[in-house]
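Notes follow once the structure below has been shown.
For this chain, numbers begin at 1 and follow the sequence in order. Just so you know, ligand 1 is whichever comes first in the structure, and atom 1 is the first atom listed for that ligand. Just so it is clear, the model here is predicted, and its values are computed rather than measured.
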Amino acid sequence: MQRREFLTLSSVTAIAILTGCGGGGGDSSNNTENTSSSLTPKNKALPIPNALYGTGTGSSAEPKQYDLTIQSAQHDFFNETDTSTYAVDGSFLGPTLFLRNGENISINYTNNLSEKISMHGHGMHLPAAMDGTAHQEFLPGDTWSAQYQVNQKACTNWYHPHTLHKTAEHVYKGIAGLIIIEDSESDALDLPKRYGEDDIPLVLQDRKFDTNGQIVYNPSNMEIMRGYVGDTFIANRAIEPTFDAEAKEIRFRVLNGANSTVYQLGFSDGRSFKQIATDNAFLETPVSMTRLTLSPAERAEIVVDFSGDINSSLELREYNHGKTFVKINVSKNAQSVTTLPGTLTSLTALGTPVNTRSFSLEGSMGSFTINGQAMDITVINETVPVDQLEEWTITNNMNVDHNFHIHATHFRLVKRNGNTNIAANENGYKDTVYIPAGENVTVQVKMTDYTDATVPYMYHCHFLEHEDNGMMGQFTVV
Ligand code: C2O
Ligand code: CU
Ligand code: CU
């Protein structure tokens, strides 16, 4: 443990030297101190976000209605004091929206904050005008509705603000929630699907709190550059909560909901588990692993088998920072048995691209560009023909980590650093891909179904401090 801490500090120092930004607006040597040490986290069972199934039939005449209120709130992270937050309906984060493929929906967001906001459906395949980017911001007191027909495979997506230059702060204060899409294929699979019992949503985040238990969003230039990483790790709005598990297969739908922290997840007893889904679909077959790396906004569904583990305890840990996300007690008898299938779905194979594009991620202290251009809401950077298979190569030309997210549809990874041997658990439908310092990836992407010559979608780094400071571009589908 001490050796790990030492390595972390020395690599921070190395990055500081390499990027030439020692002090900046804050003292980076304070970053790993626990500023909230005088406060004690409230002892909680793992909170399960409320499930919203919508009202209405889901026909085109009667879309299912999901009403959400974005508001200021007070949340009980600590015993001693409440924390001022932003939230969706409750006091931190928001409910889980259950959607079915083919249904018509209307997600109605009401802004009860005192500032403008936008709300984006991350991973959703939808018309650009319904995407919820900075082109669809709405004012205090207003309601904005994302109305469309669900048109994609079963997966775990999420919603979060996409306010121009404010996304990072809005997410940090607590606005985000999961979207679970089911379809006839997921219905037929023998998977854990009792929500909150053996099908467990996990929104993983980290935060900085001040000595009064208040959320601090005040990144220095150094932290904007290398990541605004908190000392307090949170799962579903609680600090190190406890999950009482049934002794059976448990499915976790894991979202890296951090602003800029890459998580390396695993269980404290080193047990293996199986990844069954990437961002936008099931994998074709489960992939066995002991550690799972997720960069911000990536999702993974995993199944871990606790069948033989009644009365034992373990932890879901984060190994890049040596933190515990969830304490797990296998304390309940199985209420039903599931047996993970060997085949989960079939995915569209790679094809022969008819066009290529390249994107270079660059920046210097506190400001970032893609292909030399910082995000400009008035500029359409790329025009992409609908139904055309393209290969996009994204190169991280910096010595800090990035990732890359494309709106509107999923993509497939074809190369990492020129190597076509894609890791089995990345060989699926993705909308966000991790690109460590100095590396590059090539993806195949095809825009389908929706065209709009004027309203753009976006592509960007999903390290939110990078996105807010320029590392984003816009494209239309025509
Ligand atoms: Cu999750 Cu453009 O966003
Ligand atoms: Cu998105
Ligand atoms: Cu980045």
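Residue Y434 is tested with D401, T293, N256 for a side-chain hydrogen bond (donor to acceptor under 3.5 Å, both in side chains); the sole match is D401.
Using a 4.0 Å cut-off between a side-chain N of Lys or Arg and a carboxylate O of Asp or Glu, E169 and K173 qualify as a salt bridge.
The Cu ion (ligand 2) lies at 2.8 Å or more from every N, O or S atom belonging to H462. Checking H466 against the Cu ion (ligand 3), an N/O/S atom falls under the 2.8 Å cut-off. At least one N/O/S atom of H407, from backbone or side chain, sits under 2.8 Å from atom 2 (Cu) of ligand 1. Using a cut-off of 2.8 Å, one finds that H460 contributes an N/O/S atom close to atom 2 (Cu) of ligand 1. Atom 2 (Cu) of ligand 1 has no N, O or S atom of H122 closer than 2.8 Å.
Here the side chain of D183 pairs no donor or acceptor atom with the backbone of K153 at under 3.5 angstrom.
Two rings, from H462 and H160, have their centers less than 6.0 Å apart.
Within H402, the N, O or S atom lying nearest to the Cu ion (ligand 3) carries the name ND1. Among the heteroatoms counted here (N, O or S) of H405, NE2 is the one nearest to the Cu ion (ligand 2).
Ring geometry for H321 versus F233: interplanar angle of 30 to 60°, hence tilted. In this structure, W144 and F138 have parallel ring planes: the angle between them is below the 30° cut-off, well short of the 60° mark.
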